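Proteins come first, then strands; the chains are lettered A, B, ... in the order of their sequence lines, and each starts at number 1. Bear in mind the structure is a predicted one, so any value in this text is a computation, not a measurement.
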Number of protein chains: 2
Amino acid sequence: MQVTTLCLGALVFGEATGYEINKMFEDGPFSHFLDASYGSIYPALTRLTDEGLVTCKAEQQERRPDKKIYALTDKGRQSLSEALHTPLAEDKFRSEFLFAVLFAHLLPRSRVVELVDQRLAAMKAKTEELAAKDPGDTPGMDFARLYGHAVYSASVSFLENNRHLIEDIAVDDKPQEASREVHTHV
Amino acid sequence: MQVTTLCLGALVFGEATGYEINKMFEDGPFSHFLDASYGSIYPALTRLTDEGLVTCKAEQQERRPDKKIYALTDKGRQSLSEALHTPLAEDKFRSEFLFAVLFAHLLPRSRVVELVDQRLAAMKAKTEELAAKDPGDTPGMDFARLYGHAVYSASVSFLENNRHLIEDIAVDDKPQEASREVHTHV
DNA sequence: ATTCTCATATATCGGCCCTATATAGACACG
DNA sequence: CGTGTCTATATAGGGCCGATATATGAGAAT
């Protein structure tokens, strides 16, 4: 699914600028399971305008570059609908953490512990973030939020209960490093 | 983290050809949380060879193109270690299913049900796949497998318990479509 | 018997996309 | 009064995926 389609989706929720669409992917309702950035959003909006799937009205601002406000056309709405009726791609999941875990036996224990701690903190933050119900959310957003919450909760539980599995296969911290640290403290 | 680093990781488990490395991402131990394809793997291996991070010995085969077997050098092993000691990128998760769910109120109920069914089937397949312990797996792979199993299980449970939330906001199937189907049956 | 598909194996092209950067004014904080 | 952050658009460079090309052998289907 291309960024153009994602932009059409973003505009279902109302007209918006490229900047605002970017925020939806960065911080907003899409941020947890989609990504797109300026480098793809602006060209996408230009293409969509050329193809008549969105309209673009430039709002003149004093001493500022024009704000370009994009809105869906009927053709655009129909195009999105078609995309949602064709087979969807499977979820893509990419985790450098799990990649690193594969080499836990090559890493000092302190590094593995650090990685798990960082990840656990990030996961807990996400869980909390997704626990808060926003009254402005649509039912679809609500479902996605609850889904994410369920998955992140499971993730946190697993990590807490099983972190020892990889921490115990990591190698002991190098003696010279440990002693160096001690010395600086003493 | 670039594909070059991923290739270094793949070669920790033993020497391999580009084709075999691709399989590790396609079907093998990496497939659940990483991806890379020919278009990036072959150029990566060339770059790594040029930089002395891997060696390449060509094994001549009768009536076949040479098989190029790559192996890690000490420099390569060190480079991987360095990569694992620098801050890792956060997990990336991309789900067209959740994107589609945001527009459940614009889709016919039958389509939403279909999407959930497909996804549930895919998730269950993954869960089963990850339930099987392979004696050849390293402890790191085992951890990653169990992690995936926990997350996918939670995902299946959530979907089964909450699918009604989005199915109930979908619009009724269009009368003319429904009646058309009925007519063809009658 | 023959055809078709799948598996082995390498490699590249086109196009999409991310990262980083440039530009520029408003506003707040110290 | 500088520094950083927010609004807002845009592009260049480079990385990566998907599709395709090339060869051949094995096994399945017809």
Please determine, for the side chain of B:Asp35, which listed nucleotide (D:dC17, C:dC18, D:dC16) has the closest atom?
D:dC17
Measure the shortest side-chain to side-chain distance between B:Leu120 and B:Glu160 over non-hydrogen atoms and say whether it is less than 4.5 angstrom.
yes
Along DNA chain C (nearest heavy atom to each residue), the more 5'-positioned of B:Thr46 and B:Lys92:
B:Thr46
Taking 4.0 Å as the cut-off, does a side-chain nitrogen or oxygen of A:Lys68 come that near to OP1 or OP2 on D:dA10?
yes
Would you say CD of B:Glu90 has more than 12 non-hydrogen atoms from neighbouring residues, nucleotides or ligands within 6.0 angstrom?
no
Can you measure B:Glu20 atom CD to C:dA7 atom P for me and round it to whole angstrom units?
15 Å
Of C:dA9, C:dA11, D:dC16, the nucleotide closest to the side chain of B:Tyr70 is C:dA11
Could you tell me whether A:Glu96 and B:Lys92 have a side-chain N and a carboxylate O separated by less than 4.0 Å?
no
Hey, would you say the B:Tyr19 and B:Tyr42 ring centroids sit under 6.0 Å apart?
no
B:Tyr152 and A:Phe93 aromatic centres sub-6.0 Å
no
Look at the side-chain N and O atoms of B:Tyr19 and state whether any lies under 4.0 Å from the OP1 or OP2 oxygen of C:dT10.
no
Of the listed nucleotides (D:dC16, C:dC18, C:dA9), which one gets closest to any side-chain atom of B:Lys67?
C:dA9
D:dC6 phosphate, OP1 or OP2: any side-chain N/O from A:Lys23 under 4.0 angstrom?
no
Taking CD from B:Glu26 and P from C:dA9, how many angstroms apart are they, rounded to a whole number?
15 Å
When you measure from the side-chain N and O atoms of A:Tyr42 to the phosphate of D:dT9, is any distance below 4.0 Å, counting only OP1 and OP2?
yes
In whole Å, I'd like the distance from the CG atom of A:Leu34 to the P atom of C:dC17.
12 Å
Can a side chain N or O of A:Thr17 be found less than 4.0 Å away from OP1 or OP2 on D:dT9?
yes
Kindly say if B:Ser40 contacts the phosphate of D:dC17, meaning a side-chain N or O under 4.0 Å from OP1 or OP2.
yes
Out of the candidates B:Val112, B:Leu159, B:Leu102, only one should pair with B:Ile166 under the side chain to side chain contact (heavy atoms under 4.5 Å, CB included) rule; please name it.
B:Val112
For A:Ser37 and C:dC18, is the shortest distance between a side-chain N/O and OP1 or OP2 below 4.0 Å?
yes
Given atom CZ of A:Arg47 and atom P of D:dA10, what is their separation to the nearest angstrom?
14 Å
Just the rounded figure in Å: distance from P of D:dT7 to CD1 of A:Ile69.
15 Å
Roughly how many Å is it from CD in B:Glu90 to P in C:dT19, rounded to a whole number?
12 Å
Mapping A:Met1 and A:Tyr38 to their closest nucleotides on DNA chain C, which lands nearer the 5' end?
A:Met1
Rounded to whole Å, please give me the gap between CD in B:Gln2 and P in D:dG14.
12 Å
Under 4.0 Å between any heavy atoms, over every strand shown, what does B:Gly18 touch: base, sugar-phosphate, or nothing? Just pick one.
sugar-phosphate
Nearest-angstrom distance from the residue atom CG of A:Leu45 to P of D:dT11:
12 Å
